[in-house]
Amino acid sequence: MSESAQKNQKLKEGLLAQLPDHSVFKNFVDIMQIPRATFKEWNVRQWAASFGVSHGCSVEQDSVGNLRIRRKASPGYENRAKISIQAHMDMVCEKDPGILTNFDNDPIHGVVEDGWLKAKGTTLGADNGIGVAAALALLQEPELRTGQLEILLTVMEENDMIGATNIDENLLDSEILINVDSESAHEICAGSAGGFVKNIERQGRLEKLRKKEAVLSLDIGNLAGGHTGVDIHEGHANAIVVWGRLLNELERIGISPKVASLNGGSAHNAIPRTVTSQIILPEHQLTQAKETLHRYFAEINKEYLNFEDKRSWELSLSQKSNGLKSPSRYGLSLRESSTLVSLILQIPDGIDRMNAQGMEGVESSMTLSRAKLNTASGLYSLEIFARSSEQSRLRHMDSKLDVIAKSGAATASEPQRPFPSWAPKPDSKVLKQALDSHRKLFGKKPKIFSVHAGLETGILAQKYPNLDTISIGPTIVGAHTTNEALKIDTVIPFYAWLKAIVHDMSSKSYPTAKLPTTSTKTTQALTPSLSQ
């Protein structure tokens, strides 16, 4: 064993000594040793397949790389519910500056702090490694008597859920699916939002910088931001909307700015935290404009203090003595600039409607996630991310954006990157069993919610219309960041609940649901030597 391997083994053993002696933790620490970035899941898939074979299961890989491990029904349980436990194998790979971890080769080094399992300067990968670990732990329960039990491990979840979207439809043969990618202990996710990205574009008219006009850089920063789905209920400000309000305020008092450059937002699924821009103003109105911008910016910041932990935003105003950065020294005309601001302020941003049906959380929302002006051509584009757990509401929001675009003589794209919603089903058998099993174990009813983000369950429910699904998990915070942490004392109760649901569902007889078998794709039986 090399010196590096000896060091990693020592760190692994030291970490295990700090964690409860339980198969889920042992499995997860094993998984932490395996590189598994999105698109590079072959090593963890090989490990999981070998794990399944070593516990007497058959394994198959489909054409996109998803892995299914199947345990035959226990004797006498052949007619009991067929159950699948589903998780994804890949992880988001982020690291702090100065951290030398190579995610293609190095393990994740864990630390225990105040009851939380974290990583040293990187993402931990509990999303969704702890779910994989729990699913495989069920195979280590020889006394657990069940109908056919499948472990479905998908790939590329962190990149538009590619694995679930392209799953071979004959890979799965289950009636019940329990997804273990939720991040709140003692809670049941019984629905998730679908969504789409839509672009509104308009070809603006450029004008050359005139005499006695000044160019002012207007940059906004240090807003809280967040995820356009799971954080939308926090009420965080959108930097692009704040920018639009500032320019609209100038127009309101008789100052007409022209937009010379604009770049706001960083990703389609992130609430914009920053905007960089340049505006053109008459020189004689420059002082008044600066005073107005500072005053109104402070007023808007005050509106959001209680929504952003008293965060103090940043507004940077600086005059560009040499004119525009662009060699052409052009900006949008007054009319085009006003149209751009009008479109920004018309687009709904934030919560559209809350859930009904006794479910907590947001049902529908829209976020203006990116805004950009092409300074060479004058084309400006606005990107909107719409989400809803109701397909009819998604159609309504799509139509609403079409109307807004038309009002500004702009062009609206068809919905891009769509993913299906997973509507809550109050009559779900597995939901009812999860409630009952939780009461028996913990003496209380768990919270039921619909998550305002995309889950693989939504895609799988569309692929397999008769599949009865829920999602549960232990408590994880800071997923996708180097602050990711797993609350240690929630893991064993989560696993006990998962095991109880499987046991209790298997003790009852349910009608067998017929699953679709129309796929022309093929699966590959493994022994297990897996393709990359």
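Formation of a donor-acceptor pair under 3.5 Å by the His452 side chain with backbone atoms of Gly229 is not found in this model. Between the Arg387 side chain and the Gly194 main chain, no donor and acceptor come within less than 3.5 Å of each other. The closest donor-acceptor contact from the side chain of Glu158 to the backbone of Ala37 lies at 3.5 Å or more, if one exists at all. Judged purely by atom type and a 3.5 angstrom limit, Thr482 has no side-chain atom pairing as donor or acceptor with the backbone of Gly121. A donor-acceptor pair is defined here as one N or O able to donate and one able to accept, closer than 3.5 Å; such a pair exists between the side chain of Asp62 and the backbone of Gly65. Checked by atom type and distance alone, the side chain of Asn374 pairs as donor or acceptor with a backbone atom of Ser377 at under 3.5 Å. Panel note: side chain Tyr304, backbone Ala224; no donor-acceptor pair is recorded below 3.5 Å. Under a 3.5 Å cut-off, the side chain of Glu183 and the backbone N or O of Thr475 do not form any donor-acceptor pair. Looking only at distances, no side-chain donor or acceptor of Ser471 sits under 3.5 Å from a matching main-chain atom of Val180. Listed for the Glu41 side chain is a donor-acceptor partner under 3.5 Å among the backbone atoms of Met156.
Using a 4.5 Å heavy-atom cutoff, the side chains of Thr122 and Phe103 are in contact. Side-chain contact between Trp243 and Pro272: absent, with no pair of heavy atoms (C-beta onward) separated by less than 4.5 Å. Using a 4.5 Å heavy-atom cutoff, the side chains of Val259 and Leu247 are in contact. Ile404 has its side chain within reach of Leu343: a pair of non-hydrogen atoms, C-beta onward, lies under 4.5 Å apart. Thr411 places none of its side-chain heavy atoms less than 4.5 Å from the side chain of Ile200. With contacts defined as side-chain heavy-atom distances shorter than 4.5 Å, the pair Ser450/Glu363 does not qualify. Looking only at side-chain heavy atoms (C-beta outward), Ile188 and Leu431 come within less than 4.5 Å of each other. Asp398 is not listed as a side-chain neighbour of Leu394, based on a closest heavy-atom distance of 4.5 Å or more.
Nearest heavy atom pair, residue Glu484 against residue Ala479, reads CG-CA, 4.0 Å. The two atoms that bring Val230 and Ala453 nearest to each other are CG1-CB, 3.8 Å, heavy atoms only. For the pair Ala412 and Ala405, the tightest heavy-atom approach, listed with the atom from each and the gap, is CB-CB, 3.8 Å. Taking each heavy atom of Ile69 and Ala48 in turn, the nearest pair found is CD1-O, 3.5 Å. Shortest non-hydrogen contact noted between Asp30 and Ile34 is O-CG1, 3.6 Å. Of all non-hydrogen atoms in Leu177 and Thr457, the two that sit nearest each other are CD2-CG2, 4.1 Å.
For the side-chain hydrogen bond (donor to acceptor under 3.5 Å, both in side chains) test, residues two or more places apart in sequence or in another chain that qualify with Arg393 are Asp352.
Side-chain atoms of Ser182 and Glu187 include no donor-acceptor pair closer than 3.5 Å. Gln203 and Tyr380 form no side-chain donor-acceptor contact under 3.5 Å, judged by distance and modelled atom types alone. A side-chain donor-acceptor contact under 3.5 Å links Ser428 and Asp468. Under 3.5 Å, the side chains of Glu308 and Trp313 contain a donor-acceptor pair of N or O atoms. In this model, no donor atom of one side chain and acceptor atom of the other lie less than 3.5 Å apart for Thr367 and Thr228. Thr154 and Asn66 share no donor-acceptor pair across their side chains, judged by distance under 3.5 Å alone. Using modelled atom types and a 3.5 Å distance limit, the side chains of Gln391 and Ser421 yield a donor-acceptor pair. Residues Trp422 and Ser389 have side chains that never bring a donor and an acceptor to within less than 3.5 angstrom of each other. Using modelled atom types, one finds a donor on one side chain and an acceptor on the other under 3.5 Å when comparing Asp127 with His480. Defined by atom type and a distance below 3.5 Å, a donor-acceptor pair is missing between the side-chain atoms of Arg273 and Ser266. A donor-acceptor pair shorter than 3.5 Å cannot be found between the side chains of Asp219 and Ser316.
With rounding to the nearest 0.5 Å, the separation of CD1 in Ile240 from CG in Leu262 is 7.0 Å. Here the OG atom belonging to Ser338 is positioned 11.0 Å from the CG atom belonging to Leu332, to the nearest 0.5 angstrom. Note: Met91 CE to Glu157 CD = 12.5 Å, rounded to the nearest 0.5 Å. Rounding to the nearest 0.5 Å places CG of Leu67 at 15.5 Å from CH2 of Trp42. To the nearest 0.5 Å, atoms OG1 (Thr38) and CZ (Arg36) are separated by 9.5 Å.
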Open item on the list: One pair to check against salt bridge (Lys or Arg N to Asp or Glu O under 4.0 Å): Arg202 and Glu336. What are the steps and the verdict?
Closed with: CA-CA 9 Å; Arg202 177 175 162 84; Glu336 286 294 350; 2.8 Å; yes
TODO: Give the C-alpha distance, both sets of side-chain angles, the deciding distance and a yes or no for side-chain contact (heavy atoms from CB on, under 4.5 Å) between Leu460 and Thr469.
DONE: CA-CA 9 Å; Leu460 294 170; Thr469 61; 5.9 Å; no
TODO: Carefully, step by step, assess Asn248 and Glu251 under the rule side-chain contact (heavy atoms from CB on, under 4.5 Å).
DONE: CA-CA 5 Å; Asn248 186 65; Glu251 291 183 359; 4.0 Å; yes
Task: Residues Leu136, Trp47; criterion side-chain contact (heavy atoms from CB on, under 4.5 Å); working and verdict - done: CA-CA 11 Å; Leu136 296 177; Trp47 175 83; 3.5 Å; yes
TODO: Run the numbers on Glu303 and Arg245 for salt bridge (Lys or Arg N to Asp or Glu O under 4.0 Å), then give the verdict.
DONE: CA-CA 13 Å; Glu303 290 176 21; Arg245 290 180 63 180; 2.8 Å; yes
Open item on the list: Ile83 vs Ser174, test: side-chain contact (heavy atoms from CB on, under 4.5 Å). Steps then yes/no.
Closed with: CA-CA 5 Å; Ile83 300 173; Ser174 290; 5.7 Å; no
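Of the charged side-chain nitrogens involved, at least one lies within less than 4.0 Å of a carboxylate oxygen, so that Arg70 and Glu150 count as a salt-bridged pair. A salt bridge links Glu60 with Arg68: the distance from a Lys NZ or Arg NE/NH1/NH2 to an Asp or Glu carboxylate oxygen falls below 4.0 Å. Electrostatic pairing of Glu456 and Lys463 does not count as a salt bridge here, judged by no charged N lying under 4.0 Å from a carboxylate O.
Surrounding NZ of Lys95 are more than 12 heavy atoms belonging to other residues, nucleotides or ligands, all under 6.0 Å away.
Under the 30°/60° scheme for interplanar angles, the aromatic rings of Phe385 and His268 are found to lie parallel.
Evaluated for a side-chain contact (heavy atoms from CB on, under 4.5 Å) with Cys189, the options Ile448, Leu455, Ile470, Asp181 yield exactly one hit, Leu455.
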